[in-house]
2 protein chains.
Amino acid sequence: MADLKLKDLQYLVAVADTKHFGRAAERCFVSQPTLSAQLKKLEEYLGVQLIERAPKRVALTQAGHEIVERARRIIEAGDEIVEIARGHRDPLAGRLKLALLPTIGPYLLPNVASKLRKALPRLELMLYEYQTDTMLEKLHSGEIDVGILALPVAMDGLDSQVLYKEPFTVAVPASHRLAQRSSIRVDDLHDETLLLLEDGHCLRDQALDICSSTDIHEKQDFRATSLETLRQMVAAGVGITLLPELAGRGAYGNARGVAIRPFVKPVPSRTIGAVWRKSSARREVILALAKQVGAHAL
Amino acid sequence: MADLKLKDLQYLVAVADTKHFGRAAERCFVSQPTLSAQLKKLEEYLGVQLIERAPKRVALTQAGHEIVERARRIIEAGDEIVEIARGHRDPLAGRLKLALLPTIGPYLLPNVASKLRKALPRLELMLYEYQTDTMLEKLHSGEIDVGILALPVAMDGLDSQVLYKEPFTVAVPASHRLAQRSSIRVDDLHDETLLLLEDGHCLRDQALDICSSTDIHEKQDFRATSLETLRQMVAAGVGITLLPELAGRGAYGNARGVAIRPFVKPVPSRTIGAVWRKSSARREVILALAKQVGAHAL
DNA sequence: GTCGGCCATAGATGCAGCCTATGGAGTTTA
DNA sequence: TAAACTCCATAGGCTGCATCTATGGCCGAC
């Protein structure tokens, strides 16, 4: 009269996923006969056949489907327990899944990576790049733990913290008349051709917003897929673009053919923040991470 | 390196509820040392202290509280699984997906529906109509559980059972010379115009097969999409057709303008059977269903 | 100081989960 | 058509761990 065992449910879910006893066993790190026998016991205990075993086809019964659904929830909650425990064991240790905007990641990380390693040596960062909408989805689903993006965003069930304010700069061809100026006003962009990223990048909307007060024309039939593409187009003299300050530094800023110029005050800027689930067990380490990033980003 | 066990979580929840190891053990039907030792192992595995053991006072730590919360959810879902299984334990209960040929369904079901409800009261039938090829595909893929169709069919991986033999009848316009006859021989159809269903209906092939021994002409550029269409065409005097007996009864048979006549012996007929996957977990209820249909179809 | 309540420890035991090896049914290949 | 292959089930043996009873240790109550 054995009872329900977490491991058996994992075996069942593995079979549901793979439709194959051998591969399911492999995924569970047990031998195929072990998995077979345990599943048989599970079926005996429940008094219901869960799996149809045909020569070339493994499928779940109706009861199997319904039970696998709950089993997934159980296993998920079990993982949460382990995760919570890990969070309490050493709140500043463990794996943390961090996503950044594509217009932030490559330029922010070099500045803060070494500081982070020193301040949070036992933190294992998993890095991802997503645009705002995708990032929020994956935050809610639990696929990532923290997102670094431009505020404000819809905050239902989420907490956030401002990291830094990032000024915008203007990138023009080196031979452009504006390249002579040490700083630039928004009105100076009058009648210029503006190059922007493709839809979905929040940077695109931010740039359009800043330029809305002056008369500037977006280059038709052109949408860059990355800031790097944008740089090459500016260097080629096709038009100008707005760059977040961090992206204008380093190799990018020194690139041939492109001049980066600041705005005069009031400098247009965007607010970069960290966002995470209110219910996250990793709040402590996230706050520590945010503190480091906020302190060393600019 | 043990892993998370459902039973341990139950022990933990019991302690959270009772604040007392002895009574918690009692509730779990184990000895107190057993529960103590297991909880200690759980804490070791998770790397976190869950319970504050003070003299005269047992309390949960912060981690303990958070983990108990998930543990309750897990146990609850586990109970749901057992409950679901109990609901599926009755082999004659539950949802069964049954497909019928379009030339069978509307005429067979009225005859057997009430008998089925009486004999298998806890069976919930989901009804579908497909032609033979589609039905076999959906059977193999698991989309349906049973098919009722004309035998024989390719039986790889499938089991079948004959339900009944269905004689063919002849449907002629009421004013037709054959309407005067009380029964008809295949040869009597000589030189008649035959109306048939469109390709894909096995009834079409069966009718052609029966008529192959005599000289009869299929109406060109005409293919009915249903027996109902066929009836209207016969009533309009366009030609004659062959009908399965069940389809010739009731409202259909009594319709104006159409006369239904039997064949003389040997009466041509088709064999109607039930087909299901050899590996199906529903064999028992399928056989019960087949028994009822076979007994009350004609 | 003694008793009683309560949790931890010690040592014995039996079951259950796991392994390797093999069987057997069905499908594909030579 | 035989042989090789795929894949799940069965057989048998081993090991570990959950469980038991008995006991110890700690602390508060009286």
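Convention: sequence-line order gives letters A, B, ...; per-chain numbering from 1. The shown structure was predicted, so the numbers you read here are calculated from the model rather than taken from an experiment.
One atom, CD of A/E52, and another, P of D/dC8, lie 14 Å apart when rounded to the nearest Å. Separating the CG atom of A/D3 from the C1' atom of C/dA16 is a distance of 12 Å, rounded to the nearest angstrom. The nearest whole Å value for the distance from the CD atom in B/E26 to the P atom in C/dC6 is 12 Å. Residue A/E44 contributes atom CD, which lies 12 Å from atom P of D/dA9 at whole-angstrom precision. Between B/L42 atom CG and C/dA8 atom P there is a gap of 13 Å when expressed in whole angstrom units. As rounded to whole Å, 15 Å separates atom C1' of D/dC7 from atom CG of A/L39. For the pair B/K19 NZ and C/dC7 C1', the interatomic distance rounds to 17 Å; values are reported in whole Å. Rounding to whole angstrom units, CG of residue B/L50 and C1' of C/dC7 are separated by 16 Å.
Between the side chains of B/E66 and A/H88, at least one donor-acceptor pair of N or O atoms lies under 3.5 Å. In this model, a donor atom of one side chain and an acceptor atom of the other lie less than 3.5 Å apart for A/Q32 and A/S36. When only modelled atom types and interatomic distance are considered, B/S141 and B/E137 share no side-chain donor-acceptor pair under 3.5 Å. Checked by atom type, the side-chain pair A/E52/B/S279 shows a donor-acceptor distance below 3.5 Å.
Put simply, A/R53 has a side-chain N or O that comes within less than 4.0 Å of OP1 or OP2 on D/dA9. Taking 4.0 angstrom as the limit, A/S36 places a side-chain polar atom (N or O) nearer than this to OP1 or OP2 of D/dA9. Taking only side-chain nitrogens and oxygens, B/K278 never comes nearer than 4.0 Å to OP1 or OP2 of C/dG26.
Between B/D156 and B/K40, the residue anchored closer to the 5' end of DNA chain C is B/K40, taking for each the nucleotide with the nearest heavy atom.
The pair B/D17-B/R27 counts as a salt bridge, with a side-chain nitrogen and a carboxylate oxygen less than 4.0 angstrom apart.
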Distances under 3.5 Å between nitrogen or oxygen atoms of protein and nucleotides 19-23 of chain D:
| unit_1 | atom_1 | unit_2 | atom_2 | d |
| --- | --- | --- | --- | --- |
| D/dT19 | OP1 | B/K7 | NZ | 3.3 |
| D/dT19 | OP1 | B/Y11 | OH | 3.0 |
| D/dT19 | OP2 | B/Y11 | OH | 3.0 |
| D/dC20 | OP1 | B/S31 | N | 3.4 |
| D/dC20 | OP2 | B/S31 | N | 2.8 |
| D/dC20 | OP2 | B/S31 | OG | 2.8 |
| D/dC20 | OP2 | B/T34 | OG1 | 2.5 |

Under the salt bridge (charged side-chain N to carboxylate O under 4.0 Å, His left out) criterion, do B/E245 and B/R249 qualify, and how do the steps go?
CA-CA 7 Å; B/E245 177 172 317; B/R249 291 196 196 165; 2.9 Å; yes

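With a 6.0 Å cutoff to the six-membered ring centre and a 45° limit on the axis angle, A/K138 counts as a cation-pi contact of A/Y130.
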